Amino acid sequence: MSSPQNQFTIHFWGVRGSIACPGAETVRYGGNTSCIEMRVGTERLIFDGGTGLRVLGQSLMSQMPVTAHLFFTHAHWDHIQGFPFFTPAFIPKNTFYIYGAVAPNGSTVQQRLNDQMLHPNFPVPLQTMGAALKFFDINIGQTLEIGNGIKIETALLNHPGEAIGYRVNWYGYAAAYVSDTEHFPEGLDENVLFLARNADVLIYDATYTDEEYYSPKTSKVGWGHSTWQEAVKVAKAANVKRLVIFHHDPLHNDDFLDQVGEQVAQRFPNSLMAREGLSIQLISPEDTEKPQES
């Protein structure tokens with residue numbers, strides 16, 4: 001049996017963008033919005049607090065007390081709406097380190113999470129949460145060091161109101177989380193390439209297809225999201241080992257996403273469509289020793 005000391009796993013709790021979309025047509029991929037959990041060594045890292053965070057919270061109730069690091073890309077609703085329903089945050093003896101960049105208007109991640117829980121928006125204020133909540137403002141571009149050897153790099157993404165991308169590095173392994181971002185017409189985004197470089201896994205915002213993005217009638221140019229075709233370009237240019245298509249449009253039902261997955265696989269065979277419940281192991285379960293620094 002592998003030791004928890006040497007794990008690097010990624011678990012998907014919410015994979016949608018824009019708005020939660022539960023229903024009969026989204027059963028296979030799921031309807032919850034963005035939330036990803038990484039277990040790196042002995043640390044628990046959570047990226048974004050969409051409605052998938054509520055589901056993650058329920059799974060953690062059997063593991064009390066919990067300590068975790070929660071990183072926000074930005075504070076658009078689909079990335080923070082699960083936070084008020086994150087049950088472990090209401091329970092004393094749990095500890096959450098919460099990170100986010102200061103918004104262009106000067107508001108901190110703590111202010112933005114607090115504001116969504118104020119009347120008349122929500123009946124229970126953030127101050128009711130009984131867990132220890134420790135907030136940290138990120139300067140975009142800085143590298144964070146957490147636990148034993150975890151380095152988290154950050155970069156600015158191309159999104160209205162700004163968003164931040166993350167790259168988790170641990171003993172020669174790397175996973176890049178790039179959501180939400182819009183590609184540039186003149187070429188690949190250097191910030192995205194920096195985060196994705198030689199990564200074992202790239203999780204990329206591919207909300208649209210090229211046909212939808214460039215549609216003359218319903219153009220999505222300027223909406224802050226990318227396409228699966230651009231995801232493939234980035235994965236190839238950055239020498240990514242595995243590509244995960246993420247942040248699915250709520251209008252894309254299971255059958256549509258099946259078709260997208262087939263098209264992506266034709267151009268980049270080592271690819272996956274993000275779905276709720278998907279787990280990726282970067283380290284083989286047979287490995288019993290901690291990986292060496294590269």
Side-chain angles (χ1 to χ4, degrees), residues 10 15 17-18 34 36 47-48 71-74 76 78-79 100-104 138-143 151-169 173-249 252 257 259-274:
I10 306 170
V15 302
S18 303
S34 302
I36 291 175
F47 293 88
D48 277 329
F71 300 86
F72 286 93
T73 55
H74 61 312
H76 285 163
D78 54 326
H79 293 256
V102 176
I138 293 176
N139 294 316
I140 300 178
Q142 79 176 101
T143 298
K151 294 183 179 180
I152 301 177
E153 295 173 289
T154 63
L156 181 67
L157 301 179
N158 182 32
H159 192 67
E162 295 187 353
I164 184 169
Y166 295 96
R167 175 189 172 98
V168 180
N169 304 281
Y173 293 89
Y177 177 55
V178 181
S179 183
D180 299 11
T181 197
E182 183 169 359
H183 55 279
F184 295 121
E186 63 272 16
L188 298 178
D189 187 335
E190 290 298 325
N191 286 347
V192 172
L193 290 175
F194 165 74
L195 294 171
R197 68 191 188 282
N198 302 312
D200 294 279
V201 174
L202 167 62
I203 303 162
Y204 186 83
D205 170 7
T207 302
Y208 306 119
T209 66
D210 273 357
E211 293 75 19
E212 292 170 323
Y213 182 81
Y214 295 107
S215 169
K217 291 185 178 180
T218 57
S219 170
K220 300 300 188 294
V221 175
W223 286 36
H225 301 287
S226 193
T227 70
W228 68 260
Q229 288 93 337
E230 292 293 329
V232 170
K233 292 179 185 178
V234 170
K236 290 181 176 180
N239 193 33
V240 168
K241 294 182 179 66
R242 182 177 296 179
L243 171 64
V244 180
I245 300 298
F246 182 74
H247 204 271
H248 307 315
D249 190 293
H252 291 172
L257 292 178
Q259 295 175 9
V260 170
E262 292 173 1
Q263 293 174 297
V264 175
Q266 290 174 3
R267 299 199 193 179
F268 197 89
N270 199 9
S271 60
L272 291 169
M273 298 293 290

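The first residue in the sequence is number 1, and the count goes up from there. Source: prediction; values computed, not measured.
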Between [X] and [Y], how do the two ring planes meet: parallel, tilted or perpendicular, split at 30° and 60°?
| X | Y | value |
| --- | --- | --- |
| His79 | His74 | tilted |
| Phe47 | Phe71 | parallel |
| Tyr208 | Tyr213 | tilted |

Heavy-atom side-chain proximity of [X] to [Y] below 4.5 angstrom:
| X | Y | answer |
| --- | --- | --- |
| Asp249 | His225 | no |
| His247 | Asp78 | yes |
| Glu212 | Thr218 | no |
| Tyr204 | Thr181 | yes |
| Trp228 | Thr209 | yes |
| Lys233 | His183 | no |
| Leu195 | Leu157 | yes |
| Gln259 | His252 | no |

Looking only at non-hydrogen atoms, find the nearest pair between [X] and [Y] and report the distance.
| X | Y | value |
| --- | --- | --- |
| Gln142 | Asn139 | OE1-N, 2.6 Å |
| Leu193 | Ala237 | CD2-CB, 4.0 Å |
| Gly222 | Glu182 | N-OE2, 2.7 Å |
| Val234 | Ala196 | CG1-CB, 4.2 Å |
| Thr154 | Phe194 | O-CE2, 4.2 Å |
| Asn198 | Lys241 | O-NZ, 3.6 Å |

How many angstroms lie between atom [atom1] of [X] and atom [atom2] of [Y], to the nearest 0.5 angstrom?
| X | Y | atom1 | atom2 | result |
| --- | --- | --- | --- | --- |
| Ser271 | Gln266 | OG | CD | 10.0 Å |
| Glu211 | Lys220 | CD | NZ | 12.0 Å |
| Arg167 | Lys151 | CZ | NZ | 12.0 Å |
| Trp223 | Thr207 | CH2 | OG1 | 11.0 Å |

Notebook entry, point to check: Passes side chain to side chain donor-acceptor pair (under 3.5 Å), Asp205 versus Ser226? Steps please.
Noted result: CA-CA 6 Å; Asp205 170 7; Ser226 193; over 6 Å; no
Check: So which of Val244, Ile10, Val15 actually passes side-chain contact (heavy atoms from CB on, under 4.5 Å) with Ile36?
Finding: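 The passing option is Ile10.
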Item checked: Partner residues of Arg267 under the salt bridge (charged side-chain N to carboxylate O under 4.0 Å, His left out) criterion, sequence neighbours left out ->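 Here no residue qualifies.
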